[in-house]
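Numbered from 1 within each chain, the chains take letters A, B, ... in sequence-line order. Just the heavy atoms: all of them, side chains too, but no hydrogens, waters or symmetry mates, feed the values below.
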2 protein chains.
Amino acid sequence: MARSWFGDLPEEQIEATVCPVTQTQDIIAGKWKIIILWNLSTQTRRFNELQRLLPNISKGILTRQLRELEEDNMVHREVYKEVPPKVEYSLTPLGQSFIPILQSMGEWSKKNLGAK
Amino acid sequence: MARSWFGDLPEEQIEATVCPVTQTQDIIAGKWKIIILWNLSTQTRRFNELQRLLPNISKGILTRQLRELEEDNMVHREVYKEVPPKVEYSLTPLGQSFIPILQSMGEWSKKNLGAK
DNA sequence: CTGGATCCGCTATGATACTG
DNA sequence: CAGTATCATAGCGGATCCAG
């Protein structure tokens, strides 16, 4: 077992503790998670809209990544019982609270990776 | 092809543009990248030290993730020609400029994911 | 239109043994 | 100590077909 982010807590507490940075890592792990959140940060979007916005993502993967984000309570899925069907995705409050981090990442990238 | 993060740029410019958020995603993609950077954010660390700090990571993977971070200019590798060998890893200026984002992620996690 | 369900291949990850 | 080399494995990502 390892530590590092917790100091010298007693073993019992260590067992019950999870590295916060790793928790975040677990949520944004997935090739498209971050860019999906990014695209939802400004507005609600429909399934097809997301697919158009994301380069080369397949339906299956988009569905799966959205479901995982839903499970993590980052994204809300609203189904309208119409014909043809209409489904809108938006950020939950938790997802919205993550927006500043997304913006930081975008700005950091533009500032530091521009020339690469 | 898709867009979204760029407005209505002419096609030629679109081709040459890369989504900044995706660039960041590419760098931190990898199961251990974020936690490695996190562990290097406070101090320089030796190879074995990192392995002790990270739960269940194997040598091969640790080596590879460090190499990739090196290629992305996030981590600096300093080799001391001694016996026994000694290698120290630290953040480059680019890596250091990423620390605020790591901190944000940690704080966001502690504040919002605590109860899960 | 919005996806669910399958199948499949690749890549990242992981375990182990060996080396300078 | 700090890797390298090799092999095994799992899961993700992707394509395709099917359904309400």
Side-chain angles (χ1 to χ4, degrees), chain A residues 1-2 4 19 21-22 24-40 43-72 74-90, chain B residues 1-2 4 19 21-22 24-40 43-72 74-90:
Chain A
M1 285 287 292
S4 72
C19 171
V21 176
T22 297
T24 303
Q25 151 73 24
D26 289 341
I27 288 182
I28 62 178
K31 190 170 174 179
W32 306 95
K33 297 279 183 70
I34 293 179
I35 187 69
I36 289 174
L37 292 173
W38 179 252
N39 277 292
L40 291 178
Q43 57 190 286
T44 294
R45 294 194 189 272
R46 300 183 60 177
F47 185 87
N48 250 15
E49 202 179 350
L50 281 173
Q51 198 176 11
R52 271 185 301 103
L53 292 169
L54 301 176
N56 311 326
I57 192 174
S58 70
K59 288 182 182 183
I61 295 301
L62 179 55
T63 298
R64 195 190 300 176
Q65 305 251 320
L66 283 168
R67 289 290 179 287
E68 289 175 11
L69 287 171
E70 224 188 321
E71 286 173 24
D72 287 330
M74 295 289 281
V75 163
H76 173 69
R77 178 167 174 263
E78 185 75 36
V79 183
Y80 297 84
K81 305 208 169 196
E82 308 174 358
V83 178
K86 173 180 168 185
V87 181
E88 285 188 344
Y89 293 91
S90 58
Chain B
M1 283 288 291
S4 72
C19 170
V21 176
T22 298
T24 304
Q25 152 72 24
D26 289 342
I27 289 182
I28 61 177
K31 189 170 175 179
W32 306 94
K33 297 277 182 71
I34 293 179
I35 187 70
I36 288 174
L37 292 173
W38 180 252
N39 277 291
L40 291 176
Q43 57 191 285
T44 294
R45 294 194 188 273
R46 301 182 60 175
F47 185 87
N48 251 14
E49 201 179 352
L50 281 173
Q51 199 176 12
R52 271 186 300 103
L53 291 170
L54 301 176
N56 311 324
I57 192 172
S58 70
K59 287 183 180 184
I61 296 300
L62 178 56
T63 298
R64 193 190 301 174
Q65 305 250 322
L66 282 168
R67 289 290 182 286
E68 290 175 10
L69 286 170
E70 221 187 324
E71 286 173 25
D72 287 329
M74 295 288 282
V75 163
H76 173 69
R77 178 166 175 262
E78 186 75 35
V79 182
Y80 297 84
K81 306 207 169 198
E82 309 173 356
V83 178
K86 172 180 168 184
V87 180
E88 285 188 343
Y89 293 91
S90 58

[X] [atom1] - [N] [atom2] separation (whole Å):
X     : N      : atom1 : atom2 : answer
B/R45 : D/dG3  : CZ    : C1'   : 20 Å
B/L62 : D/dC1  : CG    : C1'   : 13 Å
A/I36 : D/dG13 : CD1   : P     : 10 Å

**Message:** Checking contacts here: which listed nucleotide (D/dC1, C/dG3, C/dC1) is nearest the side-chain heavy atoms of A/N48?
**Reply:** C/dC1
**Complete:** Terminal axes of the helix from C/dC1-D/dG20 to C/dG20-D/dC1 (5 end pairs apiece), angle rounded to 10 degrees, sit apart by 50°
Distance check, rounded to the nearest 0.5 Å: [X] atom [atom1] versus [Y] atom [atom2]?
X     : Y     : atom1 : atom2 : value
B/D26 : B/E68 : CG    : CD    : 11.0 Å
A/R45 : A/I36 : CZ    : CD1   : 12.0 Å
B/L40 : B/L69 : CG    : CG    : 8.5 Å

Give a yes/no on whether any side-chain N or O of [X] is located under 4.0 angstrom from OP1 or OP2 of [N].
X     : N     : value
B/R67 : D/dT4 : yes
A/R46 : C/dC1 : no
B/Y89 : D/dG3 : yes

**Request:** Going 5' to 3' through nucleotides 8-18 of chain C, assign each nucleotide B (protein heavy atom under 4.0 Å from a base atom), S (under 4.0 Å only from sugar-phosphate atoms) or - (no protein heavy atom that close).
**Result:** -----BBB---
**Item:** Worked check of side chain to side chain contact (heavy atoms under 4.5 Å, CB included) between A/I27 and A/M74
**Value:** CA-CA 9 Å; A/I27 288 182; A/M74 295 289 281; 4.0 Å; yes
